[in-house]
Structures are given as structure tokens and as C-alpha cells.
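Below: the structure, in C-alpha cells.
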Number of protein chains: 2
Amino acid sequence: MTNIRDIAVMANVSVTTVSRVLNNHPYVSEEKREAVMQAVKQSNYHKNINAVHLSKGKTYLIGIVLPYSDHPYFGQLLHGIANQALEYNYKLVLFQTNYQKEKEEEALHMLEQRQIDGLIICSRTHAWNIIEEYAVYGPIALLENCKSTCVSTTYIDHFHTFYQALEYLYQNGHRKIGYSINRKSGVSSQQREAAFKAFANEKELSNHSTYIFDQCLHYEDGEKVYHQIKGMADPPSAVVVTSDQVAACLVTCCQKGGIDVPKDLAVLGFDNHPMAKYMEITTMEIPHEEIGKNLFKQVIQSHTITHKKVEVQLIKRKTV
Amino acid sequence: MTNIRDIAVMANVSVTTVSRVLNNHPYVSEEKREAVMQAVKQSNYHKNINAVHLSKGKTYLIGIVLPYSDHPYFGQLLHGIANQALEYNYKLVLFQTNYQKEKEEEALHMLEQRQIDGLIICSRTHAWNIIEEYAVYGPIALLENCKSTCVSTTYIDHFHTFYQALEYLYQNGHRKIGYSINRKSGVSSQQREAAFKAFANEKELSNHSTYIFDQCLHYEDGEKVYHQIKGMADPPSAVVVTSDQVAACLVTCCQKGGIDVPKDLAVLGFDNHPMAKYMEITTMEIPHEEIGKNLFKQVIQSHTITHKKVEVQLIKRKTV
DNA sequence: TTACCGTATGAAACGCGTTTCATGTCAATT
DNA sequence: AATTGACATGAAACGCGTTTCATACGGTAA
């Protein structure tokens with residue numbers, strides 16, 4: 001492998017001059033510039049990027065922590081991040097955690113060891129204070145609503161969004177409202193639960209715990225919801241389903257099982273996945289790509305901590 | 001930042017000894033080992049991984065080239081790769097190409113510059129000879145059937161698989177068979193086309209070009225297929241759909257539109273996505289995770305070039 | 001004419017862990 | 001007693017691009 005010193009010798013200039021040419025610095029005469037370019041071309045020289053990293057103390061690598069990459073929600077998020085990364089000439093390092101603490105830890109360690117310049121956490125399992133501790137090693141952007149002074153965030157107001165969804169169902173005459181969530185222990189789920197309680201209280205609805213369906217993330221989980229509702233003596237008249245995948249499955253099940261949507265059961269999804277558009281499912285549109293883009297920008301703007309709220313929009317279709 | 005020399009001073013040993021301790025090399029006395037550990041803990045020392053990379057000439061980074069990460073097919077593939085990567089302590093660098101040549105090129109350049117130790121290409125747009133040229137810079141694993149001497153491959157025998165699917169439809173009495181594909185120009189699509197032609201010839205079927213549906217990758221593309229078939233005077237009695245997403249949409253459309261599946265139209269999907277299982281779609285099961293795992297293993301076994309054929313299995317359900 | 005600035009160029013230091021090679025013990029083998 | 005080998009330890013070289021600092025020249029402003 002030829003290195004920068006070889007080039008310097010070939011072009012009969014100093015190493016510094018070669019570096020200047022390679023990085024487009026001024027103060028290099030045209031002839032020397034030419035000579036360097038010539039040598040570079042002749043020897044098919046490429047910088048050893050690891051040396052650049054060591055020298056600069058940067059890697060141009062951003063870590064992404066997310067539970068699954070084969071889930072549309074995270075897939076789209078990743079899509080948004082990846083597009084932005086390419087534009088800014090950064091590369092991504094993927095940490096697929098499956099919600100395992102150790103794997104999230106790996107990412108944090110990599111930040112600590114400066115193998116990545118920053119970290120985007122799409123879903124955390126570590127406690128807040130732990131995350132914040134690592135922020136001293138490099139910028140962290142988090143997909144969560146938390147007014148931290150050392151971690152940037154992009155978030156959805158889950159409380160308000162959920163409330164809004166419930167309100168819409170209420171306006172459409174529903175009084176027995178259920179909902180499905182991903183992980184009961186998840187941060188967003190807790191906010192949604194709070195919203196539901198506040199809503200039930202406000203509207204003086206009975207707070208049926210049987211109307212809550214946990215662990216609904218994948219397509220097939222919609223069937224579980226269907227069966228549970230089907231088996232109820234006093235089923236809900238409407239459900240908020242926090243994933244269009246699950247909603248799609250539920251709706252399909254209902255069609256097959258003779259439950260009329262929305263007459264017998266109204267379904268309000270989340271995401272506005274293409275699937276929802278096509279199946280005419282009423283849903284709360286979450287701009288995943290925008291979120292991904294913003295998270296990325298926040299993490300590379302390491303000097304300023306920002307908090308960006310992303311708006312969610314109700315898309316009225318035919319399942320409510 | 002403390003570095004290895006600081007530690008050496010603190011522990012009153014040489015830099016070499018510190019390195020030995022840190023890398024678990026033998027021939028270090030217990031007391032010196034202790035002293036080093038003590039110093040490391042006290043100063044909260046962490047190696048500068050960039051220096052390690054420069055020194056070792058390795059990055060423990062593997063690049064992944066794939067068109068979309070928000071598509072279930074590639075999502076699952078990525079899932080398999082990512083899990084394996086975590087196990088082997090490698091990190092991934094994602095190149096989402098959207099089938100753009102330049103972005104694929106970026107990945108190849110990164111290999112050339114040794115910023116990644118190897119490259120997994122899930123779908124290429126560059127010509128073969130170009131890819132092979134870059135193999136001198138580092139190991140490349142490709143998801144494609146090609147007996148290269150410098151690039152490892154994991155592949156599906158698309159010809160045989162497609163033929164098998166067609167055969168199954170034929171056995172079930174179908175003589176007017178259509179199919180949908182992702183990109184007509186794609187490598188796998190061409191193999192499938194060849195299989196179809198061979199099949200049509202073998203069985204003396206008329207080779208209806210109107211029965212070919214191109215650009216079917218996303219869920220909603222199933223609707224296009226539905227409408228096209230619906231509008232035909234002489235529609236096919238069966239279709240092979242090379243994505244369960246698309247098949248699911250098509251089946252749902254048929255249900256709504258009064259086309260009986262499989263009586264009026266048999267549908268044979270590809271992937272065996274959970275969606276297919278649930279919707280009871282007959283499909284060719286493609287073991288994405290296994291493919292991902294294998295690609296990863298191939299790329300880190302840089303010394304040996306291997307070619308692994310992955311078996312696809314027909315899952316008989318209710319849409320044929 | 002002196003002072004000062006823009007342009008041009010290179011030597012050397014810097015970032016830092018790994019690895020090779022040389023050297024020195026001490027116990028075991030011949 | 002001489003040789004050999006396992007064990008210990010450290011100096012120095014190595015990987016390589018970036019950046020700081022010093023130096024020198026030509027020209028313009030004072």
C-alpha cells in the first residue's frame with residue numbers, strides 16, 4: 001500500500017503539501033498540485049481512512065439503536081435516517097437490540113470508546129440517568145419526549161395524540177373503547193395509558209382493563225385482538241390500535257369473521273402505513289421519515305441540544 | 001483523555017505490558033497485571049478504537065448494500081445479518097441504495113479505503129466485473145447465484161424455485177398462469193423469466209405476455225395486479241406472486257371484489273411472511289434469516305470463497 | 001525604507017495501540 | 001557445569017494522515 005509519504009516522494013513535495021492538495025487547502029502552487037495529483041493517480045493512492053480517523057478523532061459513524069429492523073415502523077424510521085446519513089456523508093452502525101439491555105449497552109460503549117461519533121436511540125431500555133451519563137462521550141438523539149439538557153430529542157406527544165384518537169372515537173358515538181399497545185412497559189405505552197385514564201375520567205367512562213391488549217406489535221398479533229374481542233360478553237365498540245399492521249390484520253379478521261367494521265367495531269390505527277391507505281383504515285399518521293431525518297440532524301449538530309415535537313395527523317377513512 | 005502511555009506510567013510498567021494485559025496475552029506477572037488493571041480502573045481508561053484500527057488495519061465493520069430497509073424482505077435479511085454481526089462482535093454499516101448506482105459505489109469505495117472489512121451486497125446494480133474488481137480490497141458476499149472465484153455467494157436457485165412453483169400450479173390443473181415480479185431488469189427476475197419460458201415450452205402453454213406483472217414489490221402493488229386481472233377478457237387462472245406482501249394485497253382485493261381464491265384465481269406467494277401464514281396463502285418459504293446469517297459468515301471468512309445454495313420450500317395452504 | 005501581509009512550503013509533532021525484537025531471569029535437562 | 005527453554009519485560013518501530021509552527025519570498029502600504 002502506498003501512503004502519503006510515498007506520494008510526497010513521488011511528487012517531490014512535502015507530506016504537508018500532499019495533505020493540502022488532498023483536502024483542498026489553499027496555498028499550494030498549481031504545479032505542485034498537479035504533481036501530487038499525478039502521483040496519486042499513478043499509484044492509485046487512497047487515504048487510509050483509519051489514520052484519518054485517528055488523526056481527526058472522528059469516525060463519521062453514527063450508531064442506531066432500535067429493537068427490530070424487520071418491523072415496518074422501525075424500518076421506515078431507519079429509512080429516514082439512512083437517507084440523511086448518506087447525504088451528510090456519514091455511515092450508520094446498526095444495533096438491533098430485540099429490547100435486550102446488553103445490546104443497547106454495546107452501543108453506549110461504542111460511543112464511549114469513540115468508535116461512533118454519535119448515537120440515535122429509537123427505543124431505550126436503559127434508565128434515563130444511564131443514557132444521560134453517556135452523553136458526555138458524544139451526542140445522543142432520542143426518540144422520546146424528555147426535556148434533557150444533554151440529550152436531543154425528537155418526539156411525538158403520545159398523550160395528546162392518543163387523547164385525540166380517543167376523542168375522535170367518542171365524537172363518533174363510542175363509549176366502550178379499547179386499545180392495543182406494543183409493550184406495556186414501554187415509555188410511549190405508559191403515556192398512552194395515562195391518556196386513556198385521563199380520558200376515561202374526563203368522559204366518565206368505565207375503565208375496562210379487559211379492553212387493553214398488550215404485546216401487539218406484529219401483523220399476526222391482530223388476530224389475538226380479534227379473538228379476544230370475539231370472546232367477550234361485553235366487547236368494546238371501538239379500538240385504538242397503535243400499529244397499522246396489527247390494525248390491518250384485525251380488520252381482515254373481522255371481515256372474515258362477520259364483524260362489521262366500523263358498525264360493530266371501529267378500528268383506529270397508527271402509522272398510516274401504505275397498507276392502511278389501501279385498506280381504508282382510519283389512522284393517525286406518524287411521519288417516520290421526518291422523525292428519522294430530524295434525529296439524524298440532531299445527532300450531528302452536537303453543539304446544540306434541541307427538542308423537536310413532531311405533529312401527528314388524523315387521517316379519516318372508513319374504519320371509524 | 002488518558003492513553004496507554006499514561007497507564008504505563010501510572011502502573012509503572014511499559015506500554016507493551018499494558019497492551020498485554022489489555023489483550024489478555026500471557027507472560028505478565030500477576031502483580032503487574034493487577035497494577036495495570038488498577039490504573040485502568042482509576043483513570044477510567046478506554047482504548048482509542050481508532051488507534052486500534054489503524055494499528056491492526058481492521059475496523060470490524062461490515063458494509064451492507066440493500067435497496068430498501070423498510071421492505072419486509074430486506075428487513076428480515078438485515079435482521080439475520082445484524083444478529084450474526086452482534087454475535088461476532090462486528091458492526092454494520094448500512095448502504096441503502098434505492099437501486100441508485102452511486103450509492104452502491106459509495107460502499108465499494110469504502111471497501112477500497114478499508115473503512116469496512118467486508119461487504120455484503122443484497123442486490124446489485126453494478127455489473128459483475130465491477131464488483132469483482134473491488135474484491136481485491138476485501139471480502140465481498142453476494143446474494144446471487146454466480147460461481148465467482150473471488151466473491152462468495154449465498155443464493156436461491158430462482159430458476160428451479162420458480163419452475164417448482166409453476167409445476168405445482170400445473171399439477172393443480174392450471175394452464176393459464178401469470179406471474180408478478182419486482183424489477184424486470186433484476187437478476188432474479190431474469191432467472192424467473194427464463195424458468196417461465198422453459199416451463200411454458202415444456203408444457204406447451206401459450207406464453208401470454210399480458211400475464212406478466214412488473215414492478216410489484218410493495219403491498220399496494222397487489223391492487224394493480226388485481227385491477228389488471230379484473231380487466232382481462234381472458235385472465236389467468238393462477239398467478240405466482242414473488243412477494244407475500246403483494247400476494248396478501250391481491251388476495252384481499254379478490255375477496256372484496258368477488259373473485260374466489262383459489263377457485264377463480266389461484267395465488268402462490270413468495271417469502272412465507274407471517275402475513276402469509278395468517279392469511280393462509282400458499283407460498284414458497286425463503287429463509288431470509290438463514291441467508292443473512294450465511295452471508296455474514298461468508299464475509300468474515302475472508303480466506304475462503306464459498307457458494308451456498310439455500311433451499312426453498314413450498315408451503316401448501318389455501319390459495320392454490 | 002521599514003513594516004506588514006498574503007502566499008507557499010516543509011519539518012516535526014501529534015493522535016495511540018500493536019507488535020517485533022532484544023534482553024534478562026530462573027529452573028530444568030544433559 | 002553448560003545448555004535449553006519457558007517466562008517476563010521493555011525499547012522502539014510501525015501503521016498514517018493532520019496540523020501546528022517556523023521560515024521564506026514578493027508585494028504593498030506607511
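Throughout, protein chains are lettered first and strands after them, A, B, ... in sequence-line order, and every chain is numbered starting at 1.
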What is the distance, rounded to the nearest whole Å, between atom [atom1] of [X] and atom [atom2] of [N]?
| X | N | atom1 | atom2 | value |
| --- | --- | --- | --- | --- |
| Asn12(A) | dG10(C) | CG | C1' | 12 Å |
| Asn50(B) | dT18(D) | CG | C1' | 14 Å |
| Asp6(A) | dG17(D) | CG | C1' | 13 Å |
| Ile49(A) | dG15(D) | CD1 | P | 19 Å |
| Asn48(A) | dT18(D) | CG | C1' | 13 Å |
| Ile4(A) | dC16(D) | CD1 | P | 11 Å |
| Lys47(A) | dG15(D) | NZ | P | 19 Å |
| Leu22(B) | dC16(C) | CG | C1' | 12 Å |

Charged tip of Arg20(A) within 45° of Tyr27(A) ring normal and under 6.0 Å: no

Measuring to OP1 and OP2 of [N], would you say a side-chain N or O of [X] lies under 4.0 angstrom away?
| X | N | result |
| --- | --- | --- |
| Ser29(A) | dT9(C) | yes |
| Ser14(A) | dG10(C) | yes |
| Lys56(A) | dC14(C) | no |
| Lys58(B) | dT18(C) | no |
| Asn23(B) | dT18(C) | yes |
| Tyr27(B) | dC7(D) | yes |

Please tell me if the side chains of Ile7(B) and Ser43(B) come closer than 4.5 Å, counting only heavy atoms from C-beta onward. yes

Are Leu92(B) and Leu61(B) close enough that some pair of their side-chain heavy atoms sits under 4.5 Å apart? no

Base, sugar-phosphate or nothing for Thr17(B)? Non-hydrogen atoms, less than 4.0 Å. sugar-phosphate

Under 4.0 Å, counting only non-hydrogen atoms across every strand here, what does Val13(B) touch: a base, just sugar-phosphate, or nothing? sugar-phosphate

NZ/NE/NH1/NH2 to OD/OE distance under 4.0 Å, Arg124(B) and Glu144(B): yes

State which of [options] makes the closest approach to the side chain of [X].
| X | options | answer |
| --- | --- | --- |
| Met1(A) | dC16(D), dA11(D), dT18(C) | dC16(D) |
| Ser55(B) | dG15(D), dT19(C), dG17(D) | dG15(D) |
| Asn3(A) | dT9(D), dC16(C), dG17(D) | dG17(D) |

Plane angle bin for Tyr60(B) and Tyr90(B) - parallel if under 30°, tilted between 30 and 60°, otherwise perpendicular: tilted

As a test of understanding, state which of His273(B), His218(B), His288(B) forms a ring-ring contact (aromatic ring centres under 6.0 Å, His included) with His71(B). His218(B)

Name the residue closer to the 5' end of DNA chain C, choosing between Arg5(A) and Val28(A) according to the nucleotide with the nearest heavy atom. Val28(A)

Do Arg20(B) and dG10(D) share a donor-acceptor pair, side chain to base, under 3.5 Å? yes

